[in-house]
Amino acid sequence: MADFNIDSAFIPALHKPAALLPIAKHRESLLYVVETYPVTIVIGQTGSGKTTQIPQFLERAGWCSDGKIIGVTQPRRVAATTVALRVAEEVGCEVGKEVGYSIRFEDVTSAATRVKFMTDGLLIREALVDPLLSRYSVIMVDEAHERSTSTDILLGLLKKIRRKRPDLRLIISSATLQAEEFLSFFTQPTEETAPPGAGGEEKHETAKIVSLEGRTYPIDILHLESPAEHYVEKAVETVFDIHSQEGDGDILVFLTGREEIDHAVQEIAERAAQAGSRYGAIQPLPLYAGLSTEQQMYVFDKAPKGTRKVICSTNIAEASVTIDGIVYVVDCGFVKLRAYNPTTGIETLTAAPVSKASASQRAGRAGRTRPGKCFRLYTQQAFEALPEANPPELQRSNLGPVVLQLKALGIDNVVRFDFLSPPPAELMSKALELLYSLGALDDYAKLTRPLGFRMAELAVEPMMAKTLLSAPSFDCLGEMLTIAAMTSLGGSVWFHHDGEQKQMESSRRKFAAEEGDHLTLLNAYTAFVTTGRKEARFCRENNLNFKSMTRAVSIRSQLKRYLERFNIFVDESPASRQPAAEADQGRKAERIRRCLTSGYFAHAARMQADGTYRNVEGGTVLQAHPSSLMFNRKADWVIFHEVMETGEKTFIRDVTKIEKGWLLELAPGFYKVTDSRTS
DNA sequence: CTCATCCAT
């Protein structure tokens, strides 16, 4: 009995009893506010229990007694499912009964469901069918401070719906002090409701802020005395300072991207090897979304006894992934942000200083299980100068999908939609132009019938939606469904372990199509579902990401069902899948390339003598991304799925060869007369 | 010779 250990003798409870959560003592006042005010803004730190407890309070207080239900939205799928599981456990029911969740491809609800967790994007789609969201008595929008595109649109919609449904209660939950912004948004009358002068009295009765204290441990925050020149080097140094001078506990290092992370991990491993066993072992691990699920799982494994885990991560560990046992956080002070340039139509991905909100969220990751420390690799003055929050996504995105969705929701005047933060006019007009050129909007900027309405209903971006809806006329619908599903995976199709890049390249060559990436993706998918029998083994043998391929199967069948609703049917009879003669295959490939051109004509480029591409305006130098089959291959005209500027270079991804004449033929409005300079 | 993070009956 000498080695009796109290830690292994007791198993810690999975969850704290709800009554111990700080929120419990706010129950009465919270219910009073929800009863009295149409909109409640809840400020609650992580650990306050707001997400799990508030829906239960409401349900027990009778908010579902008239057959209506309580909806809780999350910006992420994992959050929607895990919170639902946890609340079901607390309530003591099976998930899908009284407590359920609904995300794309997974509806775990039933007639008995009274509390429903879901992604905010899904609730927007529900509004297409039920514009007043009449099933719900209360809608809680969680993590609203993240200001994702779908959260922002949802808030605008809910404000509009509330006017027609005074009985509807809204709860907006936010982790930071941005609550005032939500308050003024919901108390400000919209132009439609308020004649000038009215509405002042309403201001006091519409919305109210409620603050809940969190239950995290204290965190010491330390800043640098003078700025660091190279934050990656400084981060590595800081890791070793912690390792040699601080007590035990794992370290989480925030960096901006894959390159920095791989470098830091390698550096830490090398230095640890040099230092020998003076301070105990150290285990550096990378974490970013581009890793396979399997590689990501390592960060959750407990390090061997006496070994300190150091996780070098992107922003994924700021809110999406939570790792237990982190006591020290090292914050480099930067984050990669995406922005869309409406003049060039090109997205950029660049490192920018984090916001104060992000910095405190990062620090908070140190205090989840016991008191922690956060080392910021910037000065106190630099911190003070940081913006409160980053600009919301809606103000720096391609708004094509947003405009399409708003129009489908019956909001014709999208410019006057009540945005929490209106996007710049240039983004709006660029989106309208694109949708007009695709034929989704008419001369009066109204959604066309049937094309525009159908495009809005398909869950793919506008250019692909147009391509898909053109596919029957090119007799390649089955193939296009596959290509749409594969491109929407966003580059996670191919997969390789460290140092096996060569092997992956040769695997990919087996599926390679001379015409480019789209047909290569089609070949890979076809092989997966036929000879591969949708099995994981086939993926392992061919360096394909099994999870992604399985998802492609789901997306494809969902898109197929949509089209069937429009009375567009795909011939998938065995006869249609017979391998065709070579000449037929060539003709089929050409039909597919023409069809792609009918949707992606605005994404056309021509190769120059030096191997780079120029877009149609001629101003921008584009390069095939190294992950593209067209990297280092000759072409003339091409279309591409995506363009992104990172650092010095502007890359195009998913590239397919076309012929110049097709542009004029398939997009005569966009490419008017032959320009002698480009011919 | 390479890309932050999410989401959609």
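In what follows, every chain begins at residue 1, and chains take the letters A, B, ... in the order their sequences are listed.
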I'd like to check Met140(A) versus Ser173(A) (side-chain heavy atoms, cut-off strictly below 4.5 Å). Are they in contact? yes
How many whole angstroms separate atom CG of Asp107(A) from atom P of dA8(B)? 12 Å
Given DNA chain B, 5'-ward residue of the pair Glu461(A) and Leu287(A), judged by closest heavy atom: Leu287(A)
Within the structure shown, what part of the strands sits under 4.0 Å from Thr646(A) by heavy-atom distance: base, sugar-phosphate, or nothing? sugar-phosphate
Rounded distance (Å) that lies between atom C1' of dT2(B) and atom CE of Met644(A): 12 Å
Let's see if you can work this out: which of dC3(B), dT5(B), dA8(B) has an atom nearest to the side-chain heavy atoms of Tyr288(A)? dT5(B)
Within the distance-only criterion (no hydrogens, no angle test), does the side chain of Glu393(A) pair as donor or acceptor with the backbone N or O of Thr149(A) below 3.5 angstrom? yes
Check whether any side-chain heavy atom of Glu126(A) lies under 4.5 Å from a side-chain heavy atom of Asp130(A), and answer yes or no. no
Just call it for Arg561(A): base, sugar-phosphate, or nothing, with non-hydrogen atoms closer than 4.0 Å on any strand. nothing
Looking for any heavy atom pair under 4.0 Å, which part of the strands does Thr119(A) touch: base, sugar-phosphate only, or nothing? sugar-phosphate
Integer-rounded Å distance: dC3(B) P and Leu291(A) CG: 16 Å
Nearest to the side chain of Lys336(A), heavy atoms from C-beta on, is which of dC3(B), dA4(B), dT2(B)? dA4(B)
Those residues of residues 69-77 of chain A lying under 4.0 Å from DNA chain B by at least one heavy atom: Pro75(A), Arg76(A), Arg77(A)
Comparing nearest nucleotides in DNA chain B, the 5'-proximal residue of the pair Arg258(A), Arg125(A) is Arg258(A)
Would you say Glu645(A)'s side chain and Leu349(A)'s backbone share a donor-acceptor pair under 3.5 angstrom? no
With sugar-phosphate meaning primed atoms plus P, OP1 and OP2, does Ile316(A) contact a base, only sugar-phosphate, or nothing at under 4.0 Å between heavy atoms? sugar-phosphate
Length of the CE-P vector between Met504(A) and dC1(B), whole Å: 17 Å
Separation of atom CD in Gln296(A) from atom P in dA4(B), rounded to whole Å: 13 Å
Evaluation steps, side chain to side chain contact (heavy atoms under 4.5 Å, CB included), between Ser150(A) and Ile124(A): CA-CA 8 Å; Ser150(A) 46; Ile124(A) 296 173; 3.9 Å; yes
Looking only at heavy atoms, the pair that brings Lys116(A) and Arg135(A) closest together is NZ-NH1, 3.3 Å
Rounded off to whole Å, could you give me the CZ-to-P distance for the Arg147(A) and dA4(B) pair? 25 Å
May I have the distance from Glu318(A) (atom CD) to dC6(B) (atom P), rounded to whole angstrom? 12 Å
Contact between Phe640(A) and Leu622(A) at the side-chain level, heavy atoms closer than 4.5 Å - yes or no? yes
Just how far, in rounded Å, is P of dC7(B) from CD of Gln558(A)? 14 Å
Proximal nucleotide (of dA8(B), dT2(B), dC6(B)) relative to the Ile103(A) side chain: dA8(B)
Given dC1(B), dA8(B), dA4(B), the nucleotide with the shortest approach to the side chain of Lys649(A): dC1(B)
Counting just side-chain N and O atoms, does Ser627(A) come under 4.0 Å of either OP1 or OP2 of dT2(B)? no
Could you go through the side chain to side chain contact (heavy atoms under 4.5 Å, CB included) check for Val265(A) and Leu285(A) one step at a time? CA-CA 6 Å; Val265(A) 165; Leu285(A) 295 165; over 6 Å; no
